[in-house]
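The structure appears right after this line, and notes come after that.
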Amino acid sequence: MTAAENVCYTLINVPMDSEPPSEISLKNDLEKGDVKSKTEALKKVIIMILNGEKLPGLLMTIIRFVLPLQDHTIKKLLLVFWEIVPKTTPDGRLLHEMILVCDAYRKDLQHPNEFIRGSTLRFLCKLKEAELLEPLMPAIRACLEHRHSYVRRNAVLAIYTIYRNFEHLIPDAPELIHDFLVNEKDASCKRNAFMMLIHADQDRALDYLSTCIDQVQTFGDILQLVIVELIYKVCHANPSERARFIRCIYNLLQSSSPAVKYEAAGTLVTLSSAPTAIKAAAQCYIDLIIKESDNNVKLIVLDRLIELKEHPAHERVLQDLVMDILRVLSTPDLEVRKKTLQLALDLVSSRNVEELVIVLKKEVIKTNNVSEHEDTDKYRQLLVRTLHSCSVRFPDMAANVIPVLMEFLSDNNEAAAADVLEFVREAIQRFDNLRMLIVEKMLEVFHAIKSVKPPLRGFLLDGDFFVAASLATTLTKIALRYVALVQEKKKQNSFVAEAMLLMATILHLGKSSLPKKPITDDDVDRISLCLKVLSECSPLMNDIFNKECRQSLSHMLSAKLEEEKLSQKKESEKRNVTVQPDDPISFMQLTAKNEMNCKEDQFQLSLLAAMGNTQRKEAADPLASKLNKVTQLTGFSDPVYAEAYVHVNQYDIVLDVLVVNQTSDTLQNCTLELATLGDLKLVEKPSPLTLAPHDFANIKANVKVASTENGIIFGNIVYDVSGAASDRNCVVLSDIHIDIMDYIQPATCTDAEFRQMWAEFEWENKVTVNTNMVDLNDYLQHILKSTNMKCLTPEKALSGYCGFMAANLYARSIFGEDALANVSIEKPIHQGPDAAVTGHIRIRAKSQGMALSLGDKINLSQKKTSI
């Protein structure tokens, strides 16, 4: 390993008020100081080497005066020092001094203290010099028989690493570790040994597992997890082995460890699609959700259940477990309850809807006994919506649901009461047979309705005359109906006159100086129209108010129902696996091994998910989608050419940078130096490289993302030319702009939630429409596509053509941030048919970065539009 390949692990900040120590003072402390001053001096040396200083003069001093010390802190620091110090000459040969260090390693491997032995073994895993490791092999082997498990398990790790990097140093490692595993009793040692066999010699690992497959349940959880991984990999690569190991996976579902149960259930689902296997896995997931106290775990396992439901064949099995799933509602967390109710609603069928309604009714009663809390109110609202959906989908249940929901009208929770009113309005319109029941219930609870807001007079004195306009319409409908029902003229005139008096008085109040705000012209027009209708009582107006209005409501509700059915149909179509007549049939038994490898490895996916690197589904042609994300960083005429593939994962960005040496010289210490702007953070500094003439290499860099806003990564490549005495050379890189769209996903919310968020969010960004598109609907679709937002305004409301359009858009980021947008656009007809769309888009978000970034994205996409 050349000096240029030494890894700079991290940069450690040294306080500015202290002068950097000189090499002479450090040498003096290391030679003549006591243990404490030697420890401090060694720490300073480590910091200086990490920060790029070359201190070759201190190497022999440390070997002579520090290496022989037996202090444990110094021994630990020395392991860090030997890890980072340059061990080779500029031409790549091992330094002669390292022979002395090698002897010290050997002594530490035979040290009576198990901590020193174990730490040294861990350190040897990081060594990349075969010449240093070769003399130590007998001592490492001997550590496998040490009395302490800490030494033995680290010896296994060291042997595995050495076997992987330098197989010629220990060619019999798999056989050695297999024999060790058979006789070993400690769980952590067995786990490490078994892990090594899985990766080094899978056949030996299987042989061992076959001998003890009946005792797997008695093993420790760390070993059980590794066994699950092995079984998955073996069955994935060789499906004929499934029958041999599936019973073992079934047994591991009963493990005492939640982690083992979770992995075993996931593996069982991938190995078998039999209803019994799916039911066992789902039951295991449900038990985990109920027993685990961590809400994050509950949400993760719930997601796995939802994934199971997405498969058409598994949905039927899960339908039988709806009542078990509802046990999760005992969790107080609102997000868990929300997901559980949604899952139960998706799985409910005519067979179990009655049981579901009974459970939900019990939950409603429970919420009445709980002291008022924000989450209780929201949960009550969720229960109302779920019961509403049940009665809409299964009309037979409406008679059971309505009496329970009517109780909410007298509830202090206005949101739940408003939801109930919406439901009652829909029910009274759709279920004629229940109309009398609903009216009776309404009259029963009417006197108990309490509102946080003031009574009617309070609304009017506050200047909220929209309520007055609604009251006028209601009075007009009641009066017209009274006229139709009562034949006596005197009574008719008396009732109508009383209604008109109320309206006229409200108009008079609105125009006086008593209210805080005067009545609006719209409300005046509405009340005046109602007065005119009552004064004339014409049959046409009677029809409009009492029949046409009701028909409009009916049309609106049926359109809403149609839209829900359409979205459900689309969802079910997505889930149904469509197979074309000429599609090839893949038989697992006839699949070549190399073809099997291309399938997704669930363990790799779960590992990536744990690190926040969930793999996104690429476009139809993955190569084409990758090429779209390649950014050129330097020019073709630069001495070093670089381009980066920007791979955006869930919470981080991986830059895969291709660096090409375009010169005829060897480039040493070729380092990619990066910096970030925005809410981005570089995880680690990439390692320096040595590039031969016209050679190339790939450098990977990780950048963590903390919030949804546009970020920029910039930097340069610095290098030394081999043999040249000049200063370091530098090539400045082009900026990499991180696209906010990778973090924004379309989402849905109710109109009430949208209005509430719109009122609460403080950051607004108003973007003026500046496009050459001429069609309103085309422009809206273009905005939806370029911002990843979802249109909440129903399609029917946007259909037709009237020269203007208003739509609400909504999206959520993966960090849980909400983004709202209101599109108000029109086509200036007076300018002719080719006139471009005009108007504006208002964006609202909780954070400034989100609002500004979305605005920038819209502005950028507008410029790219074409006619």
Side-chain angles (χ1 to χ4, degrees), residues 388 391-392 395 398-399 401-403 405-410 417-418 420-451 455-457 459-460 465-510 522-561:
H388 178 176
S391 56
V392 169
V401 170
I402 287 166
L405 290 185
M406 290 297 241
E407 301 296 328
F408 277 95
L409 288 175
S410 57
V420 171
L421 275 175
E422 271 189 38
F423 167 61
V424 167
R425 184 184 67 178
E426 187 174 342
I428 213 164
Q429 189 68 27
R430 289 187 62 210
F431 310 126
D432 289 339
N433 56 324
L434 298 175
R435 197 167 286 176
M436 283 304 294
L437 172 71
I438 293 169
V439 172
E440 277 175 30
K441 272 285 178 190
M442 282 282 281
L443 292 171
E444 270 179 42
V445 297
F446 198 79
H447 69 279
I449 293 174
K450 307 184 285 289
S451 175
L456 186 59
R457 282 183 187 144
F459 277 107
L460 301 180
F465 282 96
F466 177 73
V467 177
S470 303
L471 175 68
T473 310
T474 309
L475 284 171
T476 307
K477 287 179 181 177
I478 290 171
L480 290 173
R481 206 165 294 164
Y482 186 85
V483 169
L485 292 170
V486 178
Q487 301 302 318
E488 200 177 325
K489 206 73 180 165
K490 190 179 177 184
K491 283 186 178 179
Q492 285 181 1
N493 290 340
S494 171
F495 194 92
V496 169
E498 196 175 344
M500 290 175 75
L501 176 64
L502 278 169
M503 293 183 216
T505 315
I506 288 169
L507 275 176
H508 184 65
L509 172 69
D522 284 349
D523 293 334
V524 170
D525 289 348
R526 184 74 174 162
I527 297 169
S528 303
L529 172 71
C530 291
L531 280 167
K532 195 170 188 306
V533 168
L534 284 182
S535 65
E536 292 175 0
C537 280
S538 69
L540 174 67
M541 284 298 154
N542 200 342
D543 271 3
I544 289 170
F545 269 80
N546 277 339
K547 288 181 184 171
E548 298 286 335
C549 286
R550 188 166 287 188
Q551 279 177 1
S552 295
L553 173 64
S554 185
H555 285 318
M556 187 191 84
L557 294 173
S558 56
K560 192 177 168 189
L561 197 65

Check your understanding: Would Arg425 and Glu422 pass as an ion pair if we require N to O under 4.0 Å?
Key -> no

Check your understanding: Is the shortest distance from a Lys or Arg side-chain nitrogen in Arg526 or Asp523 to a carboxylate oxygen in the other one below 4.0 Å?
Key -> no

**Study point:** More than 12 heavy atoms of other groups within 6.0 Å of Glu498 CD
**Key:** no

Exercise for review: Mark yes when over 12 heavy atoms from residues, nucleotides or ligands other than Met556 sit less than 6.0 Å from its CE; otherwise mark no.
Suggested key: yes

Could you grab the distance from atom [atom1] of [X] to atom [atom2] of [Y], nearest 0.5 Å is fine?
{"X": "Arg435", "Y": "Gln429", "atom1": "CZ", "atom2": "CD", "value": "6.5 Å"}
{"X": "Ile438", "Y": "Leu443", "atom1": "CD1", "atom2": "CG", "value": "12.0 Å"}
{"X": "Phe465", "Y": "Ile506", "atom1": "CZ", "atom2": "CD1", "value": "8.0 Å"}
{"X": "Ile478", "Y": "Arg481", "atom1": "CD1", "atom2": "CZ", "value": "8.0 Å"}
{"X": "Ser494", "Y": "Lys489", "atom1": "OG", "atom2": "NZ", "value": "13.5 Å"}
{"X": "Ser558", "Y": "Gln551", "atom1": "OG", "atom2": "CD", "value": "11.0 Å"}

Check your understanding: So, does Thr476 use its side chain to make a donor-acceptor pair with the main chain of Ala472 at under 3.5 Å?
Key ->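 Yes: the side chain of Thr476 pairs with the backbone of Ala472.
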
Check your understanding: Backbone N or O of Asp543 within a donor-acceptor pair of the Glu548 side chain at under 3.5 Å?
Key -> no

**Study point:** Side chain proximity check, Leu534 to Met503, heavy atoms < 4.5 angstrom
**Key:**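 With C-beta onward as the side chain, the pair touches.
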
**Study point:** Contact check, side chains of Leu480 and Cys537, non-hydrogen atoms, under 4.5 Å
**Key:**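 Side chain of Leu480 against side chain of Cys537, heavy atoms only: contact under 4.5 Å found.
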
Check your understanding: Under the side-chain contact (heavy atoms from CB on, under 4.5 Å) criterion, do Ile544 and Val533 qualify, and how do the steps go?
Key -> CA-CA 10 Å; Ile544 289 170; Val533 168; over 6 Å; no

Smallest separation among heavy atoms of [X] and [Y], with atom names:
{"X": "Ala469", "Y": "Ile527", "result": "CA-CG1, 4.1 Å"}
{"X": "Ala398", "Y": "Phe431", "result": "CB-CE1, 3.7 Å"}
{"X": "Leu507", "Y": "Ser528", "result": "CD1-OG, 4.1 Å"}
{"X": "Lys477", "Y": "Asn546", "result": "O-OD1, 3.7 Å"}

Practice item. Applying side-chain contact (heavy atoms from CB on, under 4.5 Å), run through Phe545 and Thr473 and close with a yes or a no. Key: CA-CA 8 Å; Phe545 269 80; Thr473 310; 4.1 Å; yes

**Study point:** Residues Phe423, Ile402; criterion side-chain contact (heavy atoms from CB on, under 4.5 Å); working and verdict
**Key:** CA-CA 9 Å; Phe423 167 61; Ile402 287 166; 3.7 Å; yes

Exercise for review: Check the pair Leu475, Leu471 against side-chain contact (heavy atoms from CB on, under 4.5 Å), reporting the backbone distance first and the verdict last.
Suggested key: CA-CA 6 Å; Leu475 284 171; Leu471 175 68; 4.0 Å; yes

